[in-house]
Amino acid sequence: MLASPLRRGLRTTLLRSNRALSTPATRQVKIVEVGPRDGLQNEKTVIPIETKVELIDRLGETGLKMAGTAEVLQRFLHKPGIGYPVLVPNTKGLDTLIELLERHASEHGNSKPLTDEIAVFIAASESFSKANINCSIAESIDRLVPVVRLAKFKGLRVRGYVSTVITCPYEGSIAPERVRDVAKALDQLGCYEISLGDTVGTGTPVTVERPYSPGATGNVATEDIVHALQGVGYTTGVDLGKLSAVGEWISTQLNRPNSSRAGQAWLAKKRREEEAALKVAEKAARAKL
């Protein structure tokens, strides 16, 4: 994984109700930012919960759909029109979330719930599944059955993630037919949307058949993918300027360099504009003397 936590926070949704979400007709791509969880979980230092909460608040201003955990769900400011799905790995995790939602409902009456959506995941690679969650693909699907059933009973929507859809670090290339079968299983479970994750970061236009950020190695920065998509005419609903500022902020918080090319370029342009505006203001002030 590479530098910025937002690099680890990108999964582009490709399937929705068994059809492509991004097509030449719609020219729209929805980006779900999972940086507050996936992006920070591999950091060597403990990230204060206040930092996680502020990261979610800042990202909520950019137009991204957010994904986080029940731990911070009640701490951040929920923005209108922004979804906050919670990753639920098992029934225990769902029970914890439901308890939180019910407690919030009893304390706040008819206020908007903290979330109305969960996310579940399985791998398209047997080896990765066993290494990651210590069970086979079939067993992981069986484990999700009670999770999805209870979630839907409680009125929660369910998104499905498929990891290692292109390459597995243990098995190498993954057959598209296996990805299809896993995605079909999630669809049959009742997931309203299925996200395909290029976990290792080896996808190309040929293997994925989607927009790609040229020169990217490994997981690509969210800022860079937004820039690439917007550059070829796709609508994302994301404010690249605000997103770049968030990337710079969290990089500073983690004491690491900002590795987003698009983010650095945008920030450099903003600094030049601010410097030019300052010079104009100073010149105007001197003219008044």
Side-chain angles (χ1 to χ4, degrees), residues 1-12 22 27-40 42-45 47-48 50-67 76-77 79 82 198 201-205 208 210-287:
M1 299 297 184
L2 303 178
S4 168
L6 298 190
R7 298 181 78 89
R8 304 189 185 100
L10 171 70
R11 287 194 177 93
T12 303
S22 173
R27 304 293 291 181
Q28 293 180 344
V29 172
K30 180 172 71 176
I31 298 177
V32 180
E33 177 60 60
V34 297
R37 195 199 74 87
D38 292 34
L40 299 180
N42 291 327
E43 290 296 317
K44 295 180 180 180
T45 58
I47 308 301
E50 292 78 14
T51 300
K52 296 179 181 179
V53 170
E54 186 170 354
L55 175 60
I56 294 174
D57 281 340
R58 287 172 178 258
L59 287 169
E61 295 285 353
T62 69
L64 286 165
K65 183 173 182 179
M66 301 300 301
F76 57 82
L77 179 63
K79 304 290 194 306
I82 302 295
D198 179 18
T202 58
T204 67
V208 187
R210 72 185 180 197
Y212 181 70
S213 179
T217 57
N219 284 353
V220 63
T222 309
E223 303 97 301
D224 293 345
I225 199 66
V226 170
H227 173 75
L229 288 168
Q230 293 178 351
V232 293
Y234 283 85
T235 299
T236 65
V238 178
D239 186 317
L240 181 57
K242 291 181 178 179
L243 180 62
S244 298
V246 176
E248 179 72 6
W249 174 81
I250 190 60
S251 296
T252 301
Q253 295 297 309
L254 300 178
N255 194 31
R256 60 167 63 209
N258 182 352
S259 57
S260 167
R261 296 177 181 178
Q264 291 182 42
W266 186 91
L267 292 167
K269 178 182 177 182
K270 182 180 179 182
R271 284 192 291 269
R272 290 194 299 270
E273 292 174 346
E274 290 175 345
E275 290 172 358
L278 179 60
K279 290 180 180 179
V280 170
E282 291 175 344
K283 183 176 182 180
R286 287 195 298 268

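The structure displayed is predicted, hence computed values, not measured ones. We're numbering straight along the sequence, starting at 1. Quick note: numbers below take in every heavy atom, side chains included, and nothing from hydrogens, waters or symmetry partners.
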Trainee: side-chain contact (heavy atoms from CB on, under 4.5 Å) with K79: which residues, sequence neighbours excluded?
Mentor: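 Here the qualifying residues are D57, E61, L77, I82, Y84.
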Trainee: Which residues satisfy the salt bridge (charged side-chain N to carboxylate O under 4.0 Å, His left out) test with E275, sequence neighbours excluded?
Mentor: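 None.
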Trainee: Hey, is the main chain of A221 close enough, under 3.5 Å, to the side chain of R261 for a donor-acceptor pair?
Mentor: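 No, because the side chain of R261 does not come within donor-acceptor range (under 3.5 Å) of the backbone of A221.
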Trainee: With sequence neighbours left out, write down each residue that passes side-chain contact (heavy atoms from CB on, under 4.5 Å) with E282, or none if nothing qualifies.
Mentor: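 If we apply the side-chain contact (heavy atoms from CB on, under 4.5 Å) test to E282, skipping adjacent residues, the hits are L278, R286.
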Trainee: From T236 OG1 over to I225 CD1, what is the distance, rounded to the nearest 0.5 angstrom?
Mentor: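 Separation between the atoms: 10.5 Å.
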Trainee: Can you name the residues that form a side chain to side chain donor-acceptor pair (under 3.5 Å) with E54, not counting sequence neighbours?
Mentor: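 Testing E54 for side chain to side chain donor-acceptor pair (under 3.5 Å), a comparison that skips the adjacent residues, returns R58.
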Trainee: Keeping D224 on the side-chain end and S260 on the backbone end, is there a donor-acceptor pair under 3.5 Å?
Mentor: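 Side chain of D224 to backbone of S260: no pair is present.
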Trainee: Give the minimum heavy-atom separation between A262 and E223, together with the two atoms involved.
Mentor: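 Looking at all heavy atoms of both residues, the closest pair is CB-O, 3.8 Å.
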Trainee: Supply the atom-to-atom distance L254 CG to I47 CD1, rounded to the nearest 0.5 angstrom.
Mentor: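 If I round to the nearest 0.5 Å, the distance is 5.0 Å.
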Trainee: Counting C-beta onward and ignoring hydrogens, is there a side-chain heavy-atom pair between L229 and I31 closer than 4.5 Å?
Mentor: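 Contact flag for L229/I31 side chains = yes.
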Trainee: Say you draw a straight line from CD1 of I250 to CG of L55; how long is it, rounded to the nearest 0.5 Å?
Mentor: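 It comes to 4.5 Å.
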Trainee: Got a list of side-chain donor-acceptor pairs under 3.5 Å for residues 237-249, not counting sequence neighbours?
Mentor:
unit_1	atom_1	unit_2	atom_2	d
D239	OD1	G241	N	3.0
D239	OD1	K242	N	3.0
S244	OG	L240	O	2.8
E248	OE1	N258	ND2	2.9

Trainee: Which residues pass the side-chain contact (heavy atoms from CB on, under 4.5 Å) test with A284, not counting sequence neighbours?
Mentor: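 Residues passing side-chain contact (heavy atoms from CB on, under 4.5 Å) with A284: none at all.
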